[in-house]
Amino acid sequence: MQVPPFSLSRQLSELAPDLNAAVLRVLQSGHYIGGTEVKTFEKSFAAYVGVNHAVGCNSGTDALVLALRALDIGEGDEVITCSFSFFATAEAISAVGATPVFVDVDPNNYLINLSQLEEKITSATKAILPVHLFGCPVDMEQVMDVAKKNGLKVIEDCAQACGAQWRGKSVGSWGDVGCFSFFPTKNLGAAGDGGAITTQDAELARRMRELAVHGMPRRYLHAELGYNSRLDALQAAVLNVKLPKLVGWVKQRQMIANRYTELLKNLPGLGVPEKAHSLKMTHAWNQFVVRVKSCESTVSSLENQLKPFDFDLEKDPAKTNARDRLKNSLHDQGVDTIIYYPIPIHLQPAYAEVEYKAGSLPITEKLCEEVLSLPIFPEITLEQQMHVVNIISEIFT
């Protein structure tokens, strides 16, 4: 049995009539930039998030850059964030001339360690950029308390968290700005790149909208240097078809995640996500990430238990890493997994000249050696999921 980490085939098959009609409607209209589809999506997405304004843009990365620019964050400023995230989180900060200041993460939920926020604040700090990683929302009450106390702006990185909530409020509605990605693998995915910025502030929305079209408040008047970062009408049309399905898709992801948790939680050497649903938060499960402990006993145990699967230890280039060995074994059994993320941002070559040293974020660095994302998407079948569970259970018991 083959189990991909993510698949759109069934979703696209079920939505084909509506998607085909929507795309054809745009093509026949001749309005490919802006227009009714984009306006409709922005209005609907703002309502979904629970904010006054949503501004479509080209990608989640652009959403971060536009938000930082609109908040006047730039040269000489510092933005506190985490290194255990996709590179764009820090890249956007650097792109506007500011400096990312990294905080380690909580080993239980992999999110920015809120107890370390205030010790990182300096006179140059202008904002906090929490990442709702893998669909798990950060405690936004605590973030907002720290920000208010210290006069800081808050930019939420919601790229992986469409559908997540903290205390009944959607991510992207707590901070000054929320930044979303509609990359195809996201909970709400377009048919290519796409993004959106959410805010309650009309002035911020106006400025971000202008920055996204070359700094133009009106045609051929350029008030400042901006970007070409518009959400295509075709992508908006696809998103308009998909948005009404999002609540149901997130519920499916939650059901799948709950099943993984119950069936894998007692396996020695394997860490599963902590209890994710409570009165405080709703997890959106863009990824289901397990942690393979890389201690000596786990490596030794895996070495013995993987032998029945003809796992060639001598040819394994990472034979001291238990996580990589599990990943390779699952692949040999038809299950493909993904590592988010093998190298933390602060140790990427792009930041080699900056004073980010190995060992400075020990939990982040340890997680990058141990985490593995199992297949999860709304349409995964029970048989496919049980195939994943059975292989892992046989290895770890």
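Residues Phe87 and Tyr351 place their aromatic rings such that the two centres sit under 6.0 Å apart. Taking the ring centroids of Phe182 and Phe45, they lie under the 6.0 Å cut-off.
Across all their heavy atoms, Leu66 and Cys57 have their closest contact at CD1-CB, 3.9 Å. The minimum heavy-atom distance linking Gln235 with Ala190 is given by the pair OE1-CB, 3.1 Å. For Phe377 against Pro5, the heavy-atom pair with the smallest separation is CD2-O, 3.7 Å. In terms of heavy atoms, Gly50 sits closest to Gln200 at O-NE2, 3.2 Å. A pairwise comparison of heavy atoms in Asp104 and Leu361 identifies OD2-C, 3.3 Å as the closest pair. Considering all non-hydrogen atoms of both residues, Val65 and Ala92 come closest at CG2-CB, 3.7 Å.
A continuous path of Ile, Leu, Val, Met, Phe, Trp and Tyr side chains, each step under 4.5 Å between heavy atoms, connects Met208 with Ile93, placing both in one hydrophobic cluster. Both Leu382 and Ile392 belong to a single network of hydrophobic side chains, linked directly or stepwise wherever heavy atoms of I, L, V, M, F, W or Y lie under 4.5 Å apart. The hydrophobic clustering, which links ILVMFWY residues whose side-chain heavy atoms are closer than 4.5 Å, places Leu211 and Leu64 together. In the hydrophobic clustering of this structure, Tyr356 does not group with Val103; members are Ile, Leu, Val, Met, Phe, Trp, Tyr whose side-chain heavy atoms approach within less than 4.5 Å, directly or through other members. Hydrophobic clustering (ILVMFWY, side-chain heavy atoms < 4.5 Å, transitive): Leu231 and Val51 are in one cluster.
Put simply, the side chain of Asn187 gets close to the backbone of Cys162: a donor and an acceptor are under 3.5 Å apart. Listed for the Asn328 side chain is no donor-acceptor partner under 3.5 Å among the backbone atoms of Arg325. Side-chain N or O atoms of Asp176 include one that pairs as donor or acceptor with a backbone N or O of Val154 at under 3.5 Å. Panel note: side chain Thr81, backbone Leu129; a donor-acceptor pair is recorded below 3.5 Å. At least one donor-acceptor pair under 3.5 Å links the side chain of Lys327 to the backbone N or O of Thr337. Side-chain N or O atoms of Ser13 include none that pairs as donor or acceptor with a backbone N or O of Arg10 at under 3.5 Å. A donor-acceptor pair under 3.5 Å links the side-chain atoms of Thr261 to the main chain of Ala257, judged by distance alone. No side-chain donor-acceptor contact under 3.5 Å links Glu156 to the backbone of Val171. Put simply, the side chain of Gln348 gets close to the backbone of Ile343: a donor and an acceptor are under 3.5 Å apart. A donor-acceptor pair under 3.5 Å is absent between the side-chain atoms of Ser170 and the main chain of Gly172, judged by distance alone.
Side-chain contact annotation: Asn240 with Thr40, donor-acceptor N/O pair under 3.5 Å absent. Remark: the Asp157 side chain and the His132 side chain contain no N/O donor-acceptor pair separated by less than 3.5 Å.
Taking the six-membered ring where tryptophan is involved, the planes of Phe86 and Tyr341 are tilted, since the angle between them lies from 30° to 60°.
Distance OG/Ser85 to CD1/Ile345: 5.0 Å, rounded to 0.5 Å. Once rounded to the nearest 0.5 Å, the distance linking CD of Gln384 with NE2 of His387 reads 9.0 Å. Once rounded to the nearest 0.5 Å, the distance linking CZ of Arg253 with CG of Asn286 reads 5.5 Å. Distance check, rounded to the nearest 0.5 Å: CD of Gln160 to OH of Tyr340 gives 7.5 Å. Atom CD of Glu42 is separated from atom CD1 of Ile197 by 9.0 Å, given to the nearest 0.5 angstrom. With values rounded to the nearest 0.5 angstrom, Met1 atom CE is found 6.0 Å from Thr381 atom OG1.
Between Arg259 and Glu262, none of the side-chain N atoms (NZ, or NE/NH1/NH2) sits under 4.0 Å from a carboxylate O, so this pair counts as no salt bridge. Using a 4.0 Å cut-off between charged side-chain N and carboxylate O, Glu141 and Lys280 make no salt bridge.
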Is there a side chain to side chain contact (heavy atoms under 4.5 Å, CB included) between Phe180 and Val49? Walk through the geometry before answering.
CA-CA 11 Å; Phe180 291 83; Val49 175; 4.0 Å; yes
### Task
List the steps, then state whether side chain to side chain contact (heavy atoms under 4.5 Å, CB included) holds for Leu374 with Leu264.
CA-CA 12 Å; Leu374 303 184; Leu264 299 175; 3.8 Å; yes
field: From CA spacing to verdict: side chain to side chain contact (heavy atoms under 4.5 Å, CB included), Val131, Ile112
entry: CA-CA 7 Å; Val131 181; Ile112 189 168; over 6 Å; no
**Request:** Let me see the working for Glu370 and Arg323 under salt bridge (Lys or Arg N to Asp or Glu O under 4.0 Å), right down to the final yes or no.
**Result:** CA-CA 5 Å; Glu370 297 181 346; Arg323 184 270 314 281; over 6 Å; no
Full working for side chain to side chain contact (heavy atoms under 4.5 Å, CB included) between Asn58 and Arg230 = CA-CA 5 Å; Asn58 182 63; Arg230 297 168 290 205; over 6 Å; no
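Counting only residues at least two apart or in different chains, side-chain hydrogen bond (donor to acceptor under 3.5 Å, both in side chains) contacts with residues 61-73 comprise Asp62-Ser229, Arg69-Glu224, Arg69-Tyr227, Asp72-Arg207.
With contacts defined as side-chain heavy-atom distances shorter than 4.5 Å, the pair Glu379/Ser9 does not qualify. In this structure, the side chains of Val213 and Arg209 stay at 4.5 Å or more apart for every pair of heavy atoms. Counting only heavy atoms from C-beta outward, the side chains of Lys251 and Val247 approach each other to under 4.5 Å. Counting heavy atoms from C-beta on, the side chains of Ile155 and Cys179 come closer than 4.5 Å. Within the 4.5 Å cutoff, side-chain heavy atoms of Phe84 are placed close to those of Cys368. Counting heavy atoms from C-beta outward, Ile339 and Leu372 have side chains that approach closer than 4.5 Å. Proximity of Tyr32 to Asp232: side-chain heavy atoms (C-beta onward) are nowhere separated by under 4.5 Å. Taking 4.5 Å as the limit, some side-chain heavy atom of Asn228 sits within range of a side-chain heavy atom of His214.
Listed by chain and residue number, Tyr260, Trp285 satisfy the ring pair (Phe, Tyr, Trp, His ring centres under 6.0 Å) test with Phe288 (two or more places apart in sequence, or in another chain).
Other residues, nucleotides and ligands contribute only 12 or fewer heavy atoms inside 6.0 Å of the NE2 atom of His331. In this structure, Lys245 places its NZ atom where only 12 or fewer heavy-atom neighbours from other residues, nucleotides or ligands lie under 6.0 Å away. Environment of CD in Glu119: crowded, with over 12 heavy atoms of neighbouring residues, nucleotides or ligands closer than 6.0 Å.
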